[in-house]
Amino acid sequence: MRSNKVLTNKFFDRPTLTVAESMLGKYLVRRQGRTNRAYMITEVEAYDGPKDKASHASHGRTPRAEIMFGEPGRLFVYLTYGMHWMLNVVTGPEDYPAAVLIRGVKGISGPGRVSRGLHVDKALNGVKASIHSGLWFEDRGHPVSKSKIKRTPRMGVGYAGKYWAGRKYRFVLAEE
DNA sequence: ACGATGATGAAC
DNA sequence: TTCATCATCGTA
């Protein structure tokens with residue numbers, strides 16, 4: 001019998017690109033009232049290190065980016081364009097700023113829509129992804145074949161310059 | 001194609 | 001304190 005395994009620090013304390021790719025097919029679980037809803041992750045982006053010009057951490061340890069330098073497995077939630085919350089998970093070792101942006105789950109495309117649909121906002125910034133906090137990640141044993149994964153450049157990061165905007169740090173899982 | 005909408009970081 | 005910018009989305 002298959003168990004739903006909650007992903008912990010160990011899963012997130014690996015290279016960001018590795019974490020990003022392996023998050024496809026995993027589940028984002030959100031407690032909404034008395035019930036838990038699980039959403040299969042279908043699209044993510046990696047933000048990797050202090051040199052990554054597309055990353056908020058490229059400006060150093062600013063108040064907003066500070067969480068990216070912290071413990072892996074914590075949530076990083078920030079507002080963009082004055083209205084959309086972006087949901088990220090911190091990855092890699094402490095003091096190395098990196099995170100994975102959840103861009104889509106099955107049935108919901110776009111990071112802003114994911115946050116709106118799952119009621120994610122500033123209240124979750126900096127909290128550990130765990131059952132206790134009401135938002136966590138699970139491995140439910142869903143098989144993911146490599147052939148269903150596409151890598152592309154990240155969305156909306158043209159400001160980062162040719163090199164960083166061109167990196168294929170976006171991972172998409174083809175839906176059935 | 002474009003405006004909404006407000007926090008953020010950097011400049012002054 | 002002011003200013004440009006923005007890991008997007010809905011409407012047209």
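Every chain is numbered from 1, with letters handed out A, B, ... down the list of sequences.
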What's the [atom1]-[atom2] distance between [X] and [N], to the nearest Å?
| X | N | atom1 | atom2 | answer |
| --- | --- | --- | --- | --- |
| A:Asn125 | B:dT8 | CG | P | 9 Å |
| A:Arg154 | C:dC6 | CZ | P | 14 Å |
| A:Phe76 | B:dT8 | CZ | C1' | 11 Å |
| A:His59 | C:dA4 | NE2 | C1' | 12 Å |
| A:Asp48 | C:dA7 | CG | P | 17 Å |
| A:Ile108 | C:dT8 | CD1 | P | 16 Å |
| A:Tyr47 | C:dC6 | OH | P | 12 Å |
| A:Met83 | C:dA7 | CE | C1' | 15 Å |

- request: Begin with the C-alpha distance, continue with both residues' side-chain angles, and end with the deciding distance and a verdict on side chain to side chain donor-acceptor pair (under 3.5 Å) for A:Asp48 and A:Tyr96.
  value: CA-CA 9 Å; A:Asp48 187 18; A:Tyr96 182 83; 2.8 Å; yes

- prompt: Between the main-chain N or O of A:Gln32 and the side-chain N or O of A:Thr35, is there a donor-acceptor pair closer than 3.5 Å?
  reply: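 Answer holds: yes.
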
- prompt: Any donor-acceptor pair under 3.5 Å linking the side chain of A:Arg170 with the backbone of A:Arg151?
  reply: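 No.
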
- prompt: How about A:Ser22 and A:Arg14: does a side-chain donor come under 3.5 Å of a side-chain acceptor?
  reply: yes

Looking at [X], does any N or O in its side chain come under 4.0 Å of the phosphate oxygens OP1/OP2 on [N]?
| X | N | answer |
| --- | --- | --- |
| A:Lys53 | C:dC6 | no |
| A:Thr62 | B:dG9 | yes |
| A:Arg170 | C:dA7 | no |
| A:Arg64 | B:dA10 | no |

- request: Only counting residues at least two apart or in another chain, list the ones meeting side chain to side chain contact (heavy atoms under 4.5 Å, CB included) with A:Ala123.
  value: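 Partners of A:Ala123 by the side chain to side chain contact (heavy atoms under 4.5 Å, CB included) criterion, ordered by chain and then number, come out as A:Asp121.
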
task: To the nearest 0.5 angstrom, please state how far the CG atom of A:Asp95 sits from the CE atom of A:Met68.
output: 13.5 Å

message: What I want to check is whether an N or O donor and acceptor connect the side chain of A:Tyr78 with the base of B:dA7 at under 3.5 Å.
response: no

message: Please determine whether any donor N or O and acceptor N or O are separated by less than 3.5 Å between the side chain of A:His56 and the base of C:dA7.
response: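 Per atom types, the contact qualifies.
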
field: A:Arg113 vs A:Tyr159, nearer the 5' end of DNA chain C by closest nucleotide
entry: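 That would be A:Tyr159.
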
message: Using the side-chain heavy atoms of A:Lys122, tell me which of these nucleotides is nearest: C:dG10, C:dT8, B:dT8.
response: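 Minimum distance to the A:Lys122 side chain belongs to B:dT8.
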
- prompt: Side chain of A:Pro111: nearest nucleotide among C:dC9, B:dT8, C:dA7?
  reply: C:dC9

- prompt: Does the cation-pi check pass for A:Arg154 over A:Tyr169, that is, NZ or CZ under 6.0 Å from the six-membered ring centre and within 45° of its axis?
  reply: no

field: Geometric cation-pi criterion A:Arg74 and A:Phe12, 6.0 Å radius, 45° cone
entry: no

message: Is A:Tyr81 stacked against the base of B:dG6, taking the criterion as centroid distance under 5.5 angstrom and interplanar angle under 30°?
response: no

- prompt: For A:His84, which contact category applies under a 4.0 Å heavy-atom criterion: base, sugar-phosphate, or nothing?
  reply: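 Answer is base: heavy atoms of A:His84 come under 4.0 Å of a base.
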
field: Watson-Crick and G-U pairing of DNA chain B, under 3.5 Å, as dot-bracket with | and [ ]
entry: ||||.||||||.

